[in-house]
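Notes follow the structure.
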Amino acid sequence: MNGTLINYFFHCKRQCYLHAHKLKTEHTSDLVKLGKYYHKEFEEKDEDKKMINGVKIDKIEGDYLIEYKKSNSDVKASEYQLLFYLWKLKQAGIIKTGKLKFKDNRDDKEVNLTLEKEKELEMIIQKIKTLINSDQIPPVINKRKCRKCAYFEFCYS
Ligand code: SF4
């Protein structure tokens, strides 16, 4: 399990499934390249970046675990990805508050890992495991956001 799968589960079940099964067409997507560029640009200023309990930390700033995102187009997916990281840190004895920082605006979002959210995360992880262990690829969702997805060609050709 990882943060990307959590993010994709909220963004699109099919995307989550495809990513889990290593159908990684993403390297061909300019948008993904752009996202990685922005990520790198932010990270260049970060000297504290490290792996903790299997989580690649963008940045720790005082009491905050910072996660950088290119845009706030899918805040819920980003929020649960960050909750997953907070949860993994907590398991390593590190308690932090999350903060999402978006490249395309300055409206940071604070994310708190409550006991309720932890229980919800456990249920989400079970759902993701069921999803990716299935023989059935989830259907194409036919949404506007598909146009920006790295799997667009795979899904619509
Ligand atoms: S193109 Fe659309 S249906 Fe296909 S994986 Fe991406 S978001 Fe999901």
Side-chain angles (χ1 to χ4, degrees), residues 1-22 24 26-27 29-133 138 141 143-146 148-151:
M1 191 53 53
N2 61 54
T4 302
L5 283 175
I6 302 274
N7 184 303
Y8 287 177
F9 181 76
F10 283 96
H11 194 249
C12 168
K13 306 286 184 287
R14 183 177 172 89
Q15 186 184 28
C16 181
Y17 185 97
L18 295 176
H19 184 78
H21 288 268
K22 308 293 179 203
K24 291 184 176 172
E26 293 168 288
H27 64 283
S29 164
D30 287 343
L31 282 165
V32 171
K33 278 185 207 160
L34 187 63
K36 283 180 179 161
Y37 165 77
Y38 283 138
H39 214 257
K40 200 165 172 238
E41 189 186 57
F42 274 119
E43 284 175 0
E44 276 170 3
K45 296 167 193 155
D46 176 23
E47 291 170 5
D48 302 327
K49 194 178 161 211
K50 53 189 171 186
M51 287 286 283
I52 301 176
N53 198 19
V55 174
K56 201 168 167 186
I57 302 298
D58 273 1
K59 189 171 189 177
I60 288 179
E61 207 171 66
D63 292 334
Y64 288 97
L65 170 63
I66 311 292
E67 173 70 10
Y68 296 113
K69 291 292 175 192
K70 181 171 69 70
S71 81
N72 63 351
S73 60
D74 195 341
V75 174
K76 190 170 182 186
S78 301
E79 183 183 344
Y80 277 83
Q81 181 178 2
L82 183 49
L83 282 168
F84 176 73
Y85 293 157
L86 291 169
W87 186 56
K88 293 288 283 180
L89 255 61
K90 187 178 174 187
Q91 289 168 359
I94 301 166
I95 310 291
K96 296 287 174 192
T97 299
K99 191 182 280 184
L100 289 169
K101 291 195 172 202
F102 305 104
K103 174 72 180 176
D104 63 358
N105 70 61
R106 294 293 163 192
D107 294 332
D108 298 346
K109 179 174 172 55
E110 197 168 293
V111 175
N112 291 290
L113 181 69
T114 60
L115 287 176
E116 198 178 44
K117 291 286 184 195
E118 280 186 54
K119 283 183 188 153
E120 201 184 337
L121 262 180
E122 284 171 18
M123 285 189 336
I124 289 162
I125 288 167
Q126 280 312 314
K127 284 182 184 176
I128 293 174
K129 285 180 179 171
T130 302
L131 175 81
I132 63 184
N133 286 328
I141 59 173
K143 295 262 176 77
R144 192 181 174 83
K145 62 187 173 185
C146 290
K148 292 184 177 178
C149 176
Y151 292 109

Looking at [atom1] of [X] and [atom2] of [Y], how far apart are the two atoms once the value is rounded to the nearest 0.5 Å?
X      : Y      : atom1 : atom2 : answer
Leu131 : Ile124 : CG    : CD1   : 12.5 Å
Ile66  : Asp108 : CD1   : CG    : 7.5 Å
Glu79  : Phe84  : CD    : CZ    : 15.5 Å

ask   = Quick one: does NZ or CZ of Lys13 land under 6.0 Å from the six-membered ring centre of Tyr17, within 45 degrees of the ring axis?
value = no
Main-chain N/O of [Y] paired to [X] side chain as donor or acceptor, under 3.5 Å:
X      : Y      : answer
His21  : Ile132 : yes
Asp58  : Tyr68  : yes
Asn72  : Val75  : no
Asn7   : Gly3   : no
Lys145 : His11  : yes

key: Thr97 vs Leu65 side-chain heavy atoms within contact, under 4.5 Å   = no
key: Heavy-atom side-chain proximity of Lys101 to Lys59 below 4.5 angstrom   = no
query = With Glu110, which residues qualify under side chain to side chain donor-acceptor pair (under 3.5 Å), at least two apart?
reply = Tyr64
ask   = Should Leu89 and Ile95 be marked as a side chain to side chain contact (heavy atoms under 4.5 Å, CB included) after you check the CA-CA gap, both sets of side-chain angles, and the distance that decides it?
value = CA-CA 7 Å; Leu89 255 61; Ile95 310 291; over 6 Å; no
task = Return each pair, listed once, that meets side chain to side chain donor-acceptor pair (under 3.5 Å) where at least one residue sits in residues 111-123; pairs must be two or more places apart or across chains.
result = Tyr80-Lys117, Tyr80-Glu120, Lys90-Glu118
task = Carefully, step by step, assess Leu100 and Leu82 under the rule side chain to side chain contact (heavy atoms under 4.5 Å, CB included).
result = CA-CA 8 Å; Leu100 289 169; Leu82 183 49; 3.8 Å; yes
note = Scanning both residues in full, the closest heavy-atom pair of Leu121 with Trp87 reads CD1-CB, 3.8 Å
task = Please lay out, stage by stage, how Ser78 and Glu67 fare under the test side chain to side chain contact (heavy atoms under 4.5 Å, CB included).
result = CA-CA 9 Å; Ser78 301; Glu67 173 70 10; over 6 Å; no
task = Could you walk me through whether Thr4 and His19 pass side chain to side chain contact (heavy atoms under 4.5 Å, CB included), step by step?
result = CA-CA 9 Å; Thr4 302; His19 184 78; 3.7 Å; yes
key: With Ser71 via side-chain contact (heavy atoms from CB on, under 4.5 Å) - residues at least two apart   = Ser73, Asp104
